[in-house]
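Excluded from the calculations below are hydrogen atoms, water molecules and symmetry mates; all remaining heavy atoms, backbone and side chain alike, are included. Protein chains get the first letters and strands the later ones, always in sequence-line order, with residue 1 at the start of each.
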Amino acid sequence: MLYICKDKNYKMITENYISNEFCKAINNLYSQNVDIKLVQVQKTKKDFNGDYTINVFPFLKISKKSPEQTATEIGNYLKDSISAVSNFEVIKGFLNISFSNSFWVNKLNNISNIDSENIEHQNILIEYSSPNTNKPLHLGHVRNNLIGHSLSEILKANGNNVTKVNLVNDRGIHICKSMLAWQKWGNGITPEKANKKGDKLVGDFYVLFDKEYKKQVADLISNGKTKEEAEKNAGLIIEAREMLKKWEANDSDIFELWNKMNGWVYRGFEQTYNLLGITFDKTYYESQTYGLGKDAVLKGITTGTLIKKEDNSICADLTTEGLDEKILLRSDGTSVYMTQDIGTAIMRKKEFNADKMIYVVGNEQIYHFHALKLVLKKLGYEWYNSIFHLSYGMVELPEGKMKSREGTVVDADDLIQEMFDTAKTISLELGKLEGLTEKEIEQIIKIVGLGALKYFILKVDPKKNMLFNPVESIDFNGNTGPFIQYTYARIKSVLRKANDLGFAVNKSVGENIEINEIEKSIIKQIVNYNNIVSDAANELNPSIIANYIYMLAKDYNLFYHDYSILKEENEEKRNFKLLLSDITATKIKNCMSLLGIDVPERM
RNA sequence: GGUUCCGUAGCUCAGUUGGAUAGAGCAACAGCCUUCUAAGCUGUGGGUCGAGCGUUCGAAUCGCUCCGGAAUCACCA
């Protein structure tokens, strides 16, 4: 049997193709079949010669020869069977295969700017943001929003049909607290009168409530009450609970106040969302959804999958799954958070025919979502496993966790404004804004400031806790958003000059040119783009994109520094360099867009 | 106490379907702008990958034990 069939088309040659040829080599040389999955084609490490590396250790049992001899025999086979292979080297059990220059230039010529060929076409619903209307957005929310937005873009880039939803927590005892404080001590103040964003104003009253409440509790304790008694019986909390009852009874005065204050908050949120570029396809309000789920729970009683206790409360027994009993309806028949999430999940599943429902929610709710899935399973919803809790880590300050009520939070608006200010200061110091109009300047500092913030957050693996140090603030040098934006702006500048000189960027260039290591390295990374985008979607991890684009930008800067593009005398080579630059710029722009970050044409 | 997650350079982070000498940035120090944007590039120093044991030809990566940190275990959301 003759396996050797010279490839005529470089396009076919992928890592998978090489694996396949490797299997053929084993078959041919040692008359055995190996599972293609066992063949790991890796990128050759920088310190060694070669483009792809295969470790032959796992196949020594088959070859019954030394690592060196096995690798050499297979190397020889591959050199014959794949015409694009120019050379190979064997070091210990590592087979390092080099491909020809023309192979790599051909790869560059065939880069399509259409994303990903592995189109998924799933209906994916993603919930993120989910703010409370009793306080302004802080850095933790910013992380949530950026992750949610970026994941949506990444999933779309892989061909999925993505619906972005927000679930606003606009009711409950905590909302009543700020309402009550405003009623008592607000003297009719409004955002306009206070000259303050509405969400900030309402947040102030929430903090004020907590302060006054703590005073009352302290008084009660000094009068001999236990801490628990004091916390339950303080006048303010009793008033807040009464207000909640009135709200649930549709009391018109309370409703009016509630609408008014929530309206202030929404206008405030809207501003912050606009600044960050966060949008949703649909917004749910808990005041409208909190009744959902009751029916499903009651049905669970009739089928016997849930337990009704003596006090009439209803719960799910999750002890066999390693969790505790979970209350689903209180003894007075009212529902809890879990009940609502059961209801909304069922509703959304139907409404969007969702194949997957992703919840971007902090890791403090791991238990909650674990329980949610198990309850849905118990209730007989077989799609319970299409729920995925993307639990992201906390943003911590050097002194620990942020706490709204204690005022130790990094406010989103303040932080964004600081980023703008820093971007402006640095740009002016570097003299980057000379000769630009006010409008252009404003646009650049906005793009760069936000770029720094967003990249800073998204380059970290979502599931890990991360630290933000307000004193050191966010950098603009090194592995940062501005560094990548700067690389883009530099390329654009070169391309503008090329255009002035009458050098067009050709879509494909001659393949018989010499390329150096750094140029090859850039091509390899560009070729890898689709894999990265698909990895990021599979892992639901924007940091994969961030790290990838950083590496590409870093390599490009090295190339840019060491080799002149416009002064290249060889026309073929100049065309190549222009194309390489142009495609790099496109990849930077695409990746940054997947992260929700803009790139400036100059900076 | 139970469950889950985390521990990599002084600091912030990459690297984990097991592969070669563990990488970046920041900070420190030393260089590079009559040359396409120096928000850049180059170099130097910096590590018992929390500790130990095990599995393996091979472990930062897998398993067990321990140490340290975080989250959670509500008729809150």
Side-chain angles (χ1 to χ4, degrees), chain A residues 37 40 42 44-48 53 55 57-58 60-61 67 91-94 96 130 132 169 171-175 286 290 309 311-315 322-324 326-338 340-341 361-368 370-371 391 393-394 396 398 400-401 423 426-427 429-432 448 452 456 459-461 463-469 472 475-487 489-498 501 543-544 546-547 550-551 553-554 557-568 577 581 602-603:
Chain A
K37 283 175 195 156
Q40 291 178 29
Q42 299 165 319
T44 303
K45 294 210 171 183
K46 278 218 157 119
D47 304 332
F48 301 92
T53 294
N55 191 326
F57 269 111
L60 298 183
K61 281 178 196 148
I91 299 172
K92 291 189 251 175
F94 295 93
N96 297 328
S130 314
N132 291 347
N169 180 240
R171 64 165 287 279
I173 188 77
H174 48 297
I175 309 296
E286 206 190 298
Y290 82 107
K309 294 189 138 186
D311 64 358
N312 279 333
S313 64
I314 293 174
C315 70
L323 306 188
D324 296 322
K326 184 73 204 172
I327 288 286
L328 301 174
L329 285 178
R330 296 188 183 102
S331 45
D332 64 4
T334 56
S335 57
V336 295
Y337 177 53
M338 179 66 78
Q340 180 215 226
D341 262 2
V361 178
N363 60 15
E364 61 217 344
Q365 294 195 34
I366 288 175
Y367 183 91
H368 170 78
H370 191 27
S391 82
M394 300 287 105
E396 285 166 358
K401 205 181 163 184
I426 293 176
S427 300
E429 269 172 17
L430 296 172
K432 299 284 186 181
V448 175
F456 175 81
K459 78 172 173 184
V460 181
D461 187 334
K463 62 175 184 281
K464 290 192 177 179
N465 286 359
M466 64 179 289
L467 190 122
F468 174 75
N469 188 338
E472 288 172 10
D475 236 297
F476 283 62
N477 299 316
N479 186 359
T480 66
F483 169 85
I484 295 159
Q485 292 171 321
Y486 179 66
T487 310
R490 278 175 134 186
I491 297 175
K492 285 314 220 184
S493 175
V494 171
L495 295 178
R496 279 193 298 271
K497 292 203 163 121
L501 293 167
S543 79
I544 292 173
N547 287 309
Y550 171 64
M551 296 302 291
K554 197 171 143 64
N557 272 307
L558 212 164
F559 161 74
Y560 178 96
H561 180 268
D562 287 352
Y563 306 97
S564 179
I565 298 161
L566 299 176
K567 287 189 179 153
E568 171 63 56
K577 287 178 174 179
S581 301
R602 61 187 87 222
M603 67 183 271

By the rule that syn is within 90° of 0, classify the base conformation of B:C33 as syn or anti. syn
Using the closest heavy atom to pick a nucleotide of RNA chain B for each, name whichever of A:Asn96 or A:Arg490 lands nearer the 5' end. A:Asn96
Ring centroids only, cut at 6.0 angstrom: are A:Tyr486 and A:Phe476 within range, meaning strictly under it?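 Not under 6.0 Å, so no.
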Applying a 4.0 Å non-hydrogen cut-off, can you work out what [X] is touching in the nucleic acid: base, sugar-phosphate, or nothing?
X        : result
A:Pro398 : nothing
A:Thr53  : base
A:Tyr337 : base
A:Gln365 : base
A:Lys37  : nothing
A:Met551 : nothing
A:Leu566 : base
A:Thr334 : nothing
A:Ile565 : base
A:Asn557 : sugar-phosphate
A:Tyr563 : base
A:Ala498 : nothing
A:Phe483 : sugar-phosphate
A:Asn469 : nothing

Check: B:A71 base within 3.5 Å donor-acceptor of A:Ser391 side chain: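 Absent.
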Take the protein atom [atom1] of [X] and the nucleotide atom [atom2] of [N], then report the distance between them rounded to whole Å.
X        : N     : atom1 : atom2 : result
A:Tyr486 : B:G25 : OH    : P     : 16 Å
A:Ile491 : B:U37 : CD1   : P     : 12 Å
A:Met338 : B:A74 : CE    : P     : 11 Å
A:Asn363 : B:C73 : CG    : P     : 12 Å

How far does the P atom of B:C5 sit from the matching atom of B:G63, given to the nearest Å?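 Per the computed distance, 10 Å lies between those P atoms.
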Could you tell me which nucleotide pairs with B:U44 by Watson-Crick or G-U wobble geometry, both distances under 3.5 Å, or answer none if nothing does? B:A28
